[in-house]
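In what follows, a single structure is set out as structure tokens and then discussed.
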Amino acid sequence: MMTFDLFHAPAQDGLYALSINESPPLHFASRGAALSYAVKLATQRQQQGLDYAINIEGGDGRWRLFEGWRLCA
């Protein structure tokens, strides 16, 4: 399973971090751009019959499974 973790607050450099499988994070200019990238990769995995999870950190510090966009095969 591929796991995407999108952090709530930007890093000190103002960029938003997206970690994939707990690897060093990728950085994006906006949280939306990071989420779009995660959804794009998740869609590719789904089309290959593979599992994924997109986890979003909320402003309260809690992590939630992202299910907002329906990924289509």
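Since this is a predicted model, take the numbers as computed values, not measurements. Counting begins at 1 with the first residue of the sequence.
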Hey, could you give me the [atom1]/[atom2] distance between [X] and [Y], rounded to the nearest 0.5 Å?
{"X": "Gln48", "Y": "Thr43", "atom1": "CD", "atom2": "OG1", "answer": "11.0 Å"}
{"X": "Leu6", "Y": "Ile56", "atom1": "CG", "atom2": "CD1", "answer": "4.5 Å"}
{"X": "Thr3", "Y": "Ile54", "atom1": "OG1", "atom2": "CD1", "answer": "10.5 Å"}
{"X": "Met2", "Y": "Gln44", "atom1": "CE", "atom2": "CD", "answer": "9.0 Å"}
{"X": "Leu41", "Y": "Leu50", "atom1": "CG", "atom2": "CG", "answer": "12.0 Å"}

Any side-chain heavy-atom pair of Arg45 and Met1 under 4.5 Å:
no

Side-chain heavy-atom pair Phe66, Asn55 within 4.5 angstrom cut-off:
no

Can you list, pair by pair, the side-chain donor-acceptor contacts under 3.5 Å of residues 22-29, counting residues two or more places apart and other chains?
unit_1: Ser23; atom_1: OG; unit_2: Ile20; atom_2: O; d: 2.6

In chain order, what residues pass the side chain to side chain contact (heavy atoms under 4.5 Å, CB included) check against Ser30, with sequence neighbours excluded?
Ala33

Mind checking side chain to side chain contact (heavy atoms under 4.5 Å, CB included) for Asp13 and listing every partner two or more places apart, or none if nothing turns up?
Ala11, Leu15

Nearest heavy atoms of Ala42 and Tyr52, plus distance in Å:
CB-CD1, 3.5 Å

Of all heavy-atom pairs between Leu65 and Ala53, which one has the smallest distance, and what is that distance?
CD1-CB, 3.9 Å

Of all residues at least two apart in sequence or in a different chain, which pass the ring pair (Phe, Tyr, Trp, His ring centres under 6.0 Å) check with Phe7?
Trp63

Any salt bridge (charged side-chain N to carboxylate O under 4.0 Å, His left out) pairs touching residues 52-63, not counting sequence neighbours?
Asp60-Arg64

